[in-house]
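Sequence lines set the chain letters: A, B, ... in the order given, protein chains first and strands last, and positions in each chain run from 1. Bear in mind that the values here come from a model prediction, so they are computed numbers and not experimental data.
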4 protein chains.
Amino acid sequence: MKCIVYKGKEHMALEDHPMPTIQDPADVLLRVTMSAICGSDLHAYNEDRAGQGQVMGHEFIGIVEEVGPRVERLKPGDRVVLPFGLGCGACFYCKRGWHPQCPHYQRFGLGSLPGGQAQYVRVPMADANAVHLPPELPDETAVLLSDILCTGYFCAEQGSIRPGDYVAVVGCGPVGMMAQMAAHLFGPALVIAIDTVPYRLDTARYLWGAVPLNAAEPSLRERVLALTEGRGADVVLEAVGTEGRGLDTAFEVVRPAGTISMVGVPTVDTYTYPLRKAYTLDLTYKVGRCPARRYIEQLIPLLQTGRIHPERIITHVLPLDQAPEGYRIFASREPGVMKVLLKP
Amino acid sequence: MKCIVYKGKEHMALEDHPMPTIQDPADVLLRVTMSAICGSDLHAYNEDRAGQGQVMGHEFIGIVEEVGPRVERLKPGDRVVLPFGLGCGACFYCKRGWHPQCPHYQRFGLGSLPGGQAQYVRVPMADANAVHLPPELPDETAVLLSDILCTGYFCAEQGSIRPGDYVAVVGCGPVGMMAQMAAHLFGPALVIAIDTVPYRLDTARYLWGAVPLNAAEPSLRERVLALTEGRGADVVLEAVGTEGRGLDTAFEVVRPAGTISMVGVPTVDTYTYPLRKAYTLDLTYKVGRCPARRYIEQLIPLLQTGRIHPERIITHVLPLDQAPEGYRIFASREPGVMKVLLKP
Amino acid sequence: MKCIVYKGKEHMALEDHPMPTIQDPADVLLRVTMSAICGSDLHAYNEDRAGQGQVMGHEFIGIVEEVGPRVERLKPGDRVVLPFGLGCGACFYCKRGWHPQCPHYQRFGLGSLPGGQAQYVRVPMADANAVHLPPELPDETAVLLSDILCTGYFCAEQGSIRPGDYVAVVGCGPVGMMAQMAAHLFGPALVIAIDTVPYRLDTARYLWGAVPLNAAEPSLRERVLALTEGRGADVVLEAVGTEGRGLDTAFEVVRPAGTISMVGVPTVDTYTYPLRKAYTLDLTYKVGRCPARRYIEQLIPLLQTGRIHPERIITHVLPLDQAPEGYRIFASREPGVMKVLLKP
Amino acid sequence: MKCIVYKGKEHMALEDHPMPTIQDPADVLLRVTMSAICGSDLHAYNEDRAGQGQVMGHEFIGIVEEVGPRVERLKPGDRVVLPFGLGCGACFYCKRGWHPQCPHYQRFGLGSLPGGQAQYVRVPMADANAVHLPPELPDETAVLLSDILCTGYFCAEQGSIRPGDYVAVVGCGPVGMMAQMAAHLFGPALVIAIDTVPYRLDTARYLWGAVPLNAAEPSLRERVLALTEGRGADVVLEAVGTEGRGLDTAFEVVRPAGTISMVGVPTVDTYTYPLRKAYTLDLTYKVGRCPARRYIEQLIPLLQTGRIHPERIITHVLPLDQAPEGYRIFASREPGVMKVLLKP
């Protein structure tokens, strides 16, 4: 089967691998019908962070091809989405909705499992993780449930936004876009989008009606104060990660007694936390990897009724064969590039 | 000054009364710039429930004309809105945001205080209750803050709607309209509007994108099940009150382990509660008079940024002189009639 | 095997039935090590509400004797507790912790399943429902997890008690005792116990430090006001059910903007709800059957560390053979009788 | 009047100052009846952090002696407690209970206001801040409401402890003691007390039944895991502050998806936050100065009913004259020293 394999910094290759097979009675084999490139794939691509030979891809949906003997809730022909990381579904953490803390947690693509930028993928612990998709949900929309739609929602939910709040979103890449869209589910008076790339800021304004602020221009804090009755953002959603500059911005624009909710993936071990300021201002800071499994079923009705349209961020749908080009395009951050899907 | 006075069943009169004056050091005198007729005024009008000679009106805004000697936060010329009921601001209940339970609670119009369908009104405990209005907020919008916008929001908030929920709103009068609009601040997948008046159902669809269901047609429950994955509404907002038929409908359409939040004003002392059903289905039921003071400042930013447009329900703005005609129009429930404002 | 069978009003019999067997691949067969008589068993006994020939008992623990072929989490020899009602663990309601609303919900004893006042019991959907017990937890304590400890906790939790609140508990039978004990986990300033039976009131005072109030004496409301700074109970926990007199009491003693949480099982279809009062006072009312499965694992650590001692309410531990006498004793409501266990 | 004045590192002096007077119409003049030395006073004493000539003391209660002309809720003779910092009571932050973020926030002793280790103190914005004390509450208990009891409660509340949780408290000084006691109001299965001073650990065990762990001994994390089913503390309350070593410990012992709530006052500007770990573990971190005003009325009933006994931590009550000796004793951290009160 065809799949996309990490070969080193800025080098992805289309390869032909043997078909995956059922290895455990709880496995299913999935024929992938749509896959996507995630910003975290891009970090791997740009910074040599994936393992040599890793089959990439943790955002995908597909059709069940074969089921292991202990699988009960799935049968061949079922159309399902998987969260990007899998939990056992029965432990202390899974029961509380914190699958990334499950002792059996495994991730596709960038983790221990071969990924879904491939024609087929083996899915362990399938009963506990696969979610059936309603037939009317297009592949392009459904594939976003595996990671970035849930991650954006998680970021917004953790921010404890109340109706009438001013929300700032730092980072207008695909996850930041999802966080903005999700923020609107909590009734904010205003969403402020912060980035340094004009195309992304324009997109934030166009898609979700955000007020865009270019962080590369001076006096960011003053501009935020001017939009928030002089007090700063009630809630800041951070969708940048990396070395922490997005987090610097979050501390710059958050209001006293406000909350920073961060889902951006850090690439550094530590961050110089403004402790005295945080103490004096009574700040709450939440950061973490999204337990996507917790949210998929909650979000599907919002897609079905058209209440949210995450697929608006999709700019490219390429055949899987062209994934190396897809990575190049996504890495370019050029105008017109936001989210790249791969169709096997 | 001119004011509208209750004279008996279906009889309101324009009268000339002496100007109100400051009676307590914490009073202010307000020159009313906009007033409205509320559904509860209509109950009084239709059912002879107000006191003879009562100056009507508990929805109004205005300009401070004169302030008592202990007033600190207000000065002549300030433009303010008042909640329809006033609390002391300092007691156990007021501190928890439950002003209607304040021992000093007083209501305009239908309560002990002469109302705001008048050129001037005396406002007791003014510092604790008056809220400054931003200059850019039109009178037509701002006047809705005194009652129905807050009441609709309270109804939705008490329902504990979560993103993705199915919400049914029973009653599509002005308060039901506000409840529908407010429900959207909590991210529902769908809002279902239930009423028996076609014009009101059409308006619910047109203004807020609700799915309208006519309760006068058969199989209401089945139609709700068809819209809610077969389970019923996660949350039901009741905006009918009176003898409890709206509440009957709420119990008919709510899902197991769901919540009914009711702000409709009952005109009966008791209701035959389906206790065994509620026990078996694990239902939550909240009912009450809205503590409008709690919400005014929270909702103003949503009006300023255009996130909500409650003024869309206004169908008539009449001069105060024509209030008797306004009551007649509102009471007609004819197509084209939703909310009637009165301009002194 | 020996089991206790309902034979008609006030008539329980010890019978010898064939051993239950595995009928479904997800079943386990349990050897019961401790069982209990519940207040709802007593209703059946007193009021002829169980089915002729029903094997009684929904509170029990035991040792797994045999497991069906699809059971994964349990093996012979495991010591487990079961909730009194079973859910599938995977549906919309089970995932949200509302197992009594599961379409596959089944109850032992009073429901469709033969009960646990027996030497052996068949347990369907065992993986989703059985919870392992720590070895140090005595049988007498553990058996209370199957119903009344969870039900009392559920009642308290639904009441949304905040530290410093005044809590009234109506009904001092076994469930009311558990509700009082559980209420203390939420930091109330005071727990007021209301009943008409002096022994039960004395027990409430002795075991949990409650202030006992005899509802048979005059001026109950005034006595509650005197204990609550004149405002009534912030939260009322109702553990009576039946025809609704306990609920009458709850409405009598709750404070404005307070909450009534009820787990008492009603024996009537409807209740005359004081609607106007509830509206005027902004009351919240929750009622329902406890989803015991949701709480068992949460409560076990509290038992292990000795933070709670529900076993204090046990007054009788009889051999299973003497269950008919156990029912008679429990039904007597005599001084010295609170909770009766049955040891097979 | 006599008062205690900061004269430089480890030097407090009893001085005779002019009586304070009413300076603003909203002031009251208070005759102090009990005062206390706080751990933050000690930081100032040890590290030369207060201003030269500052009258010390932010924990005190007293009797109103004189009131300004705009004061409405207080009169001479009233016995009241003040929070250690004052807010206006009417701004965005005060209304949400975040008084430390009020633009008019002022603190006694270590802030801009002369403190309460004195015979008299001027209290600005008195109506909004002073809380009446019930007569039966002893001075020794009531004085703890001004800061450390509220601060300990705030710390616990921010931790979002659920019944059955394992809670670790880092730091067993007076605030850590209050945090432990307050934690019990949220129903934890266990409170683990962490410190390096044996006397403090013994006191934690003796007063609140905590399991004491000496952080100076090896393998702290392993010992916490052994007490928490192998997962770490669900919630960690940090009551150390200073350079952040307590926070290091908090990150060491918190469980995945857990919460750290910190009220320890930092003496450094920044902290090396373990960002990658926090991301991978989905951690929540809250830090801040306690809005004591928010909690005083909520906690008083708990004191009145004897549900909590914060006064158990008091080890010394000295005449105000002996305050310099009191500071020396408190600074010694010797066995037998926990909380020092000063009686004018």
Side-chain angles (χ1 to χ4, degrees), chain A residues 97 131-132 134 136-137 145 149-150 152-167 178-179 181-192 208-211 226-231 233-235 255 294-310, chain B residues 97 131-132 134 136-137 145 149-150 152-167 178-179 181-192 208-211 226-231 233-235 255 294-310:
Chain A
V131 177
H132 287 93
E136 70 274 20
L137 212 58
L145 283 163
L149 172 52
C150 289
Y153 181 80
F154 170 65
C155 188
E157 188 198 62
Q158 294 283 300
S160 303
I161 301 164
R162 296 180 62 220
D165 276 354
Y166 297 104
V167 176
M178 294 294 96
M181 187 190 70
H184 279 292
L185 295 169
F186 298 92
L190 197 73
V191 174
I192 300 165
W208 326 117
V211 174
L227 290 166
T228 57
E229 307 178 34
R231 63 179 194 251
D234 298 298
V235 177
R255 76 151 159 83
R294 195 200 297 179
Y295 299 112
I296 294 175
E297 279 138 322
Q298 183 181 353
L299 294 171
I300 285 177
L302 292 160
L303 298 171
Q304 290 181 281
T305 60
R307 173 65 199 254
I308 53 174
H309 284 283
Chain B
V131 177
H132 287 93
E136 70 274 21
L137 213 58
L145 284 164
L149 172 53
C150 290
Y153 180 81
F154 170 65
C155 188
E157 188 198 62
Q158 293 284 300
S160 302
I161 302 164
R162 295 182 61 221
D165 277 354
Y166 297 103
V167 176
M178 295 293 96
M181 186 189 72
H184 280 292
L185 295 170
F186 298 92
L190 198 71
V191 174
I192 299 165
W208 326 116
V211 175
L227 290 167
T228 57
E229 307 178 35
R231 63 180 194 252
D234 298 298
V235 177
R255 76 151 160 84
R294 195 202 294 179
Y295 299 112
I296 295 175
E297 279 138 320
Q298 183 182 351
L299 294 171
I300 285 177
L302 292 159
L303 298 172
Q304 289 182 283
T305 61
R307 180 68 161 48
I308 53 174
H309 284 282

(request) Measure distances from L299(A) to the heavy atoms of chain B and classify the residue's part below 4.5 Å as side chain, backbone, both or neither. (result) neither
(request) Could you check whether the rings of F154(A) and Y295(A) sit parallel, tilted or perpendicular, using 30° and 60° as the cut-offs? (result) tilted
(message) Given heavy-atom pairs under 4.5 angstrom as the criterion, report whether the side chain, backbone, both or neither of E229(A) touches chain B.
(response) side chain
(request) Check whether any side-chain N or O of E136(B) sits under 3.5 Å from a backbone N or O of Q304(B) as a donor-acceptor pair, and report yes or no. (result) no
(message) Keeping R231(A) on the side-chain end and R255(A) on the backbone end, is there a donor-acceptor pair under 3.5 Å?
(response) no
(message) Which one wins on heavy-atom pair count under 4.5 Å against chain A: V211(B), L302(B), T305(B)?
(response) L302(B)
(message) Show the nearest heavy-atom pair for residues P310(B) and L149(B), with the distance to one decimal.
(response) CG-CD2, 4.0 Å
(request) Using a cut-off of under 4.5 Å on heavy-atom pairs, state which of E297(B), R307(B), H184(B), E157(B) scores highest against chain A. (result) R307(B)
(message) Donor-acceptor check, side chain of D234(A) to backbone of Y166(A), threshold 3.5 angstrom: yes or no?
(response) yes
(request) Count the heavy-atom pairs under 4.5 Å between each of A182(A), G164(A), G209(A), G187(A) and chain B, then report the option with the highest count. (result) G187(A)
